[in-house]
> 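Dumping the structure here so I can ask a few things about it.
The shown structure was predicted, so the numbers you read here are calculated from the model rather than taken from an experiment. Starting from 1, each residue takes its place in the sequence as its number.
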Amino acid sequence: MSIVTVQLGQCGNQIGHEVFSAVCSDVHGTHGLCSRKENDSYHEACKERFFCEEESEVPVARAVLVDMEPKVISQTLSMAARSGSWRYNDRSQFCQKQGSGNNWANGYSVHGPRHKEAIMNLVQKEAEKCDRLGGFFTIMSMAGGTGSGLGAFVTQCLRDAFPTSFILNHVIWPYGTGEVIVQNYNSVLTLSHLYQSSDALLVHENDVVHQICAQRMNIKQISFRDVNRVIAHQLGSVFQPAYTAAGGSCYSRNPLGELMETLVPHPEFKMLGLRNIPQMPENSLAYSTFSWPGLIKHLRQMLIANAKMEEGIDWQVRPPRLGTSCSSSHPTNKLPQFNTSIANLVILRGKDTHSTDLGSFQDPSLYTSWINPQDAFNAWKTPRAFNKYEKSASLVSNSQFLLKPLDNVVGKAWNMFASKAYIHQYTKFGIEEEDFLDSFTALEQVISSYTSL
């Protein structure tokens with residue numbers, strides 16, 4: 001089944017480009033470290049998923065590019081074309097001249113309705129090119145105006161136009177120190193609207209990825225491109241083909257559907273986090289060896305201690321003994337150290353994956369009491385290595401990992417709202433104070449649900 005990617009705003013278009021580049025370099029690399037037959041079926045599954053073969057020699061990305069100013073889209077189109085290994089369809093892009101001025105209301109209430117027909121026509125055309133449509137993958141930032149405001153609007157339109165298709169929103173959480181003065185307002189409005197129309201939200205925090213660039217990749221002067229490449233690598237490690245059933249003989253046909261089925265057992269809990277190990281500069285790979293037990297042990301501790309990378313993990317955090325709740329006695333501002341899960345998916349890529357013991361992830365104490373641990377944990381595997389890593393492990397987790405950042409954003413936005421700061425910039429585009437209050441209420445409910453795990 002094919003996935004149509006919708007890239008929204010500057011951030012969405014830049015990350016989308018890196019994702020397709022990462023997928024392409026993985027497929028064309030000679031580093032599969034597996035049999036020819038295995039490599040060929042991997043190749044085929046990946047192509048169907050992300051690219052369509054048109055008259056041109058190179059694969060064409062199944063993507064729609066949307067931005068309210070032309071610069072980033074034209075850069076993205078030309079960079080892809082110059083790569084020689086893939087390109088975008090020049091007709092699958094929509095841009096305007098004026099931008100959204102980092103204002104969520106401008107993107108959602110003005111640009112959205114005004115350009116709905118043109119954008120949805122492009123999406124419809126991409127969807128019709130798929131033999132079997134698996135769903136939509138949207139990429140957007142929460143801080144600005146186009147990605148967040150227009151992104152929330154387009155997601156609602158996708159839900160209306162394709163009621164039975166899966167929609168996964170990939171959301172970039174802004175730097176805590178802030179890029180935009182009203183980013184907390186934009187974030188609260190985006191999240192609360194996406195929660196209504198999306199099947200799941202896969203979140204990357206800019207601060208965390210920045211840390212990975214500095215501490216794991218040893219990059220001295222970190223650019224947005226460096227950050228985007230780490231994000232793209234992590235996304236590729238999830239969306240590239242893998243066998244879902246134990247001993248499966250053909251690659252997963254419906255990656256988005258299987259991801260949702262595995263990780264979102266209840267519509268109240270839609271926040272997914274992603275961790276991937278090992279991560280290191282390419283020139284260090286030749287001098288490094290990894291064992292599956294070591295990788296699994298690190299990944300499990302990263303999960304329960306809510307560590308975002310394999311450096312600086314708190315090894316003191318232990319799962320609570322069964323029968324003792326770890327969160328009921330804590331108010332939200334004193335979040336428990338232990339990160340309780342609803343569902344986890346581990347994806348292993350590389351040699352000897354079939355003999356790897358993942359029993360430690362089926363420990364009932366990792367999960368909330370109303371979930372059967374057998375249903376809460378799944379594993380996907382493939383003997384084919386990913387992007388030059390002989391062995392790599394990814395964890396997609398529906399857990400309490402985002403409670404603290406979410407609580408922070410809602411708290412900061414509420415403090416600004418209480419003093420009526422910048423509200424006039426939103427009301428002039430038709431977003432009223434009641435809309436803000438509805439969004440605060442929706443997110444307080446999400447915080448409360450995750451805290452009570």
> Is it the case that N103 and Y108 place a side-chain donor and acceptor less than 3.5 Å from each other?
no

> Is there a donor-acceptor pair closer than 3.5 Å between any side-chain N or O of N13 and the backbone N or O of G9?
yes

> Let me see the working for R216 and E310 under salt bridge (Lys or Arg N to Asp or Glu O under 4.0 Å), right down to the final yes or no.
CA-CA 9 Å; R216 300 300 307 166; E310 63 262 57; 3.5 Å; yes

> Using the six-membered ring wherever Trp is involved, compare the ring planes of H298 and W315 and label them parallel, tilted or perpendicular (cut-offs 30° and 60°).
perpendicular

> What is the ring orientation for W414 with F440, classed by angle as parallel under 30°, tilted 30 to 60°, or perpendicular over 60°?
perpendicular

> Parallel, tilted or perpendicular: which fits the ring planes of H210 and Y175, with parallel below 30° and perpendicular above 60°?
perpendicular

> Any chance CG of D131 has more than 12 other-residue heavy atoms, nucleotides or ligands included, within less than 6.0 Å?
no

> Dump the intermediate steps for side-chain hydrogen bond (donor to acceptor under 3.5 Å, both in side chains) on S25 and N387, then the final yes or no.
CA-CA 7 Å; S25 80; N387 255 346; 3.2 Å; yes

> Would Q234 and H204 count as a side-chain hydrogen bond (donor to acceptor under 3.5 Å, both in side chains) if you check the C-alpha gap in whole Å, the side-chain angles of each, and the deciding distance to 0.1 Å?
CA-CA 10 Å; Q234 294 199 354; H204 266 110; 2.8 Å; yes

> Could you tell me how the ring of F137 sits relative to the ring of H170: parallel (under 30°), tilted (30 to 60°) or perpendicular (over 60°)?
tilted

> If only side-chain N and O atoms count, and only distance matters, is there a donor-acceptor pair under 3.5 Å linking N344 with Y367?
yes

> Would you call R384 and E38 a salt bridge, using N to O less than 4.0 angstrom?
no

> Would you compute the distance between atom CH2 of W292 and atom CG of L358 and round it to the nearest 0.5 angstrom?
9.0 Å

> Return yes if a side-chain donor-acceptor contact under 3.5 Å exists between S197 and Q156, otherwise no.
no

> Do the non-hydrogen side-chain atoms of F166 and N254 ever get within less than 4.5 Å of each other?
yes

> Considering only heavy atoms from C-beta outward, does the side chain of L133 approach that of F162 to under 4.5 Å?
yes

> Do the two ring centres, one from Y426 and one from Y185, sit under 6.0 Å apart?
yes

> Does L437, at its CG atom, have more than 12 non-hydrogen atoms belonging to other residues, nucleotides or ligands within less than 6.0 Å?
yes

> Quick one: do K391 and D352 make a salt bridge, cutoff under 4.0 Å?
no

> With a 4.0 Å cut-off on N to O distance, would you call K420 and E433 a salt bridge?
yes

> Give a yes or no answer on whether the side chain of N339 reaches the backbone of L303 with a donor-acceptor pair at less than 3.5 Å.
yes

> Does any donor atom in the side chain of Q400 or N306 lie under 3.5 Å from an acceptor atom in the other side chain?
no

> Take Q240 and D26, measure what side-chain hydrogen bond (donor to acceptor under 3.5 Å, both in side chains) needs, and give me the verdict at the end.
CA-CA 9 Å; Q240 281 292 64; D26 175 48; 2.7 Å; yes

> Can you classify the ring geometry of Y251 versus Y243 as parallel (below 30°), tilted (30 to 60°) or perpendicular (above 60°)?
parallel

